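Worth saying up front: this structure is predicted, and the values here are computed from it rather than measured. These values consider heavy atoms only, across backbone and side chains, with no hydrogens, waters or symmetry-generated copies.
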Amino acid sequence: MSLRIGILGAARIAPAALVKPASSSSEVDVVAVAARSLDRAQAFAAKHGIARAYAGYEELLADPDIDAVYNPLPNGLHGRWTRAALEAGKHVLCEKPFTANAEEAREIAALASASDRVVMEAFHYRYHPLALRVEEIVASGELGTLQRVETAVCFPLPKFSDIRYDYGLAGGATMDAGCYAVHMARVFGGETPTVVSATARLRSPQVDRAMTAELTYPSGHTGRIKCSMWSSSVLKISASVTGSRGSVRVFNPLMPQAYHRFTAEINGVKRTEKFPRRATYEYQLDAFAAAVREGAPVKTSPEDAVENMTVIDEIYRAAGLPVRQPS
């Protein structure tokens, strides 16, 4: 029997992140969607060929025929509804950022650990062969002693009424774009850094539209993350890792199925590598299904999410901004 998933919210990301990947999978079926109104849920269900629509997230969670839920709700609601899904006995694929802050992440991680349910944060890039290759090169020592890690996730979001700018929903560039930059800095840097300094550009007194943070790692190398939803860096998605023997540089590590460039230069020898154009979301869904059905390990676990949210909280504090709070 396939893994039956319901969607909490008729979110814009859901078709690309779940519905389309599930349509080509023999392991997963998207069987239900819930929204704040029945009309909205029914419209989404009809458009995407989903059998059941619910007026309210509680109704979907009460459906015994649903094995797991996908949680793409606004940032400030992630923790609340992941908690509710666990209490209803469902597995959870939760969009990033995992929660509003590290304290809430620790709470959800403890609930997940005490259950027999799979909880995965949806850092889809992490399951693509490109990301695994960067991690492999860094871990192999091929670059020598690590010196510097730089990651950037910048994209334009000029619609300032968007919920991603809403402090009440745990919005801000560091939450929406920066969570990726922080995660890549941790994965590609080989360990979790601490924040040395951070500078924000503001959309409103509490909400960042752009952020730059300097990092230091336990092993001595340094790093920088840059993120924005509105800044002079209109579009920049990249990662670089530099060591004493060479470097790896990646353009578009988040969605390499669209376009990517991977270059390694080690001991003066430059090479490029190509990777499958298969969608990152398909690799992620395969990993989620394997974790639920076979007990396969999860790379973006709740424990990993706690570390990511801890760095995000440190960035906000270093920039003189409040840590985000659950809605």
Side-chain angles (χ1 to χ4, degrees), residues 1-23 25-100 104-105 107-122 124 162-164 166 168-171 281 284-285 288-289 291-293 298 302 305 325-327:
M1 182 182 292
S2 63
L3 177 65
R4 299 162 299 182
I5 299 183
I7 304 173
L8 297 179
R12 288 190 298 268
I13 188 62
L18 181 65
V19 177
K20 186 177 179 181
S23 69
S25 172
S26 61
E27 301 289 317
V28 175
D29 285 323
V30 179
V31 298
V33 61
R36 287 171 295 177
S37 74
L38 183 58
D39 287 347
R40 189 175 182 199
Q42 288 174 332
F44 188 94
K47 182 176 181 179
H48 298 290
I50 298 171
R52 298 196 289 282
Y54 291 105
Y57 311 137
E58 297 93 341
E59 288 188 20
L60 186 149
L61 293 179
D63 186 338
D65 292 329
I66 293 174
D67 305 308
V69 297
Y70 171 57
N71 180 356
L73 294 168
N75 300 341
L77 298 174
H78 285 176
R80 178 196 302 181
W81 289 103
T82 293
R83 183 188 305 110
L86 283 170
E87 290 170 351
K90 312 299 187 187
H91 304 281
V92 183
L93 175 62
C94 180
E95 267 303 335
K96 52 78 201 165
F98 190 63
T99 52
E104 189 180 30
E107 177 194 341
I108 300 302
L111 288 174
S113 178
S115 76
D116 61 353
R117 303 291 89 178
V118 170
V119 179
M120 176 190 286
E121 187 174 16
H124 52 98
D162 191 282
I163 61 171
R164 286 170 281 185
D166 188 340
L169 292 173
Y281 293 119
Q284 174 178 262
L285 190 58
F288 183 63
V292 172
R293 296 167 68 89
V298 171
Q325 298 298 322
S327 302

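In this structure a side-chain-to-backbone donor-acceptor pair under 3.5 Å is present from His91 to Val118. For the pair Asp166 (side chain) and Gly168 (backbone), a donor-acceptor distance under 3.5 Å is present. Distance alone, capped at 3.5 Å, is enough to place a donor-acceptor pair between the His78 side chain and the Pro97 backbone. Between the Lys90 side chain and the Ile66 main chain, a donor and an acceptor come within less than 3.5 Å of each other. A donor-acceptor pair under 3.5 Å is absent between the side-chain atoms of Glu95 and the main chain of Pro72, judged by distance alone. In this structure, Thr99 contributes its side chain and Ala105 its backbone to a donor-acceptor pair below 3.5 Å. A donor-acceptor contact shorter than 3.5 Å is absent between the side chain of Asn75 and the backbone of Ala100.
Salt-bridge formation is not detected for the pair Arg80/Glu104: no Lys NZ or Arg NE/NH1/NH2 atom is positioned less than 4.0 Å from an Asp or Glu carboxylate oxygen.
The heavy-atom pair separating Tyr281 from Pro21 by the smallest distance is CB-CG, 3.7 Å. Nearest approach of Ala85 to Val92, heavy atoms of both residues: CB-CG2, 3.6 Å. Leu285 and Leu18 make their closest contact through CD1-CD1, 3.7 Å (heavy atoms, listed as atom of the first residue, atom of the second, distance). Across Ser327 and Ala170, no two heavy atoms sit closer than the pair OG-N, 4.5 Å. Contact detail for Leu61 and Ala88: the closest heavy-atom pair is O-CB, 3.7 Å. A pairwise comparison of heavy atoms in Val33 and Ala41 identifies CG1-O, 3.5 Å as the closest pair.
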Could you walk me through whether Leu77 and Leu8 pass side-chain contact (heavy atoms from CB on, under 4.5 Å), step by step?
CA-CA 11 Å; Leu77 298 174; Leu8 297 179; over 6 Å; no
Worked verdict on Arg83 versus Glu107 for side-chain contact (heavy atoms from CB on, under 4.5 Å)
CA-CA 9 Å; Arg83 183 188 305 110; Glu107 177 194 341; 2.8 Å; yes
Between Ile108 and Phe98, is the side-chain contact (heavy atoms from CB on, under 4.5 Å) condition met? List the steps.
CA-CA 9 Å; Ile108 300 302; Phe98 190 63; 3.6 Å; yes
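Tyr70 has its side chain within reach of Ile13: a pair of non-hydrogen atoms, C-beta onward, lies under 4.5 Å apart. Between Pro302 and Val119 the shortest side-chain heavy-atom distance falls below 4.5 Å. Side chains of Phe288 and Val28 form no contact here, defined as non-hydrogen atoms less than 4.5 Å apart.
Among residues two or more places apart in sequence or in another chain, the side-chain hydrogen bond (donor to acceptor under 3.5 Å, both in side chains) test is passed with Asn71 by Thr82. In terms of the salt bridge (charged side-chain N to carboxylate O under 4.0 Å, His left out) criterion, Lys20 has no residue partners (sequence neighbours excluded). The salt bridge (charged side-chain N to carboxylate O under 4.0 Å, His left out) check on Arg293 picks up Glu27, with sequence neighbours excluded.
Under the ring pair (Phe, Tyr, Trp, His ring centres under 6.0 Å) criterion, the residue pairs touching residues 28-60 are Phe44-His48, Tyr57-Trp81, with sequence neighbours excluded. Every pair passing salt bridge (Lys or Arg N to Asp or Glu O under 4.0 Å) that includes a residue from residues 49-71 is listed here, sequence neighbours excluded: Arg4-Asp67, Arg52-Asp63. Residue pairs meeting the salt bridge (Lys or Arg N to Asp or Glu O under 4.0 Å) criterion with at least one member in residues 39-48, sequence neighbours excluded, do not occur.
Checked against Leu3 for a side chain to side chain contact (heavy atoms under 4.5 Å, CB included), the options Val292, Val31, Val30, Asp29 give a single hit: Val292.
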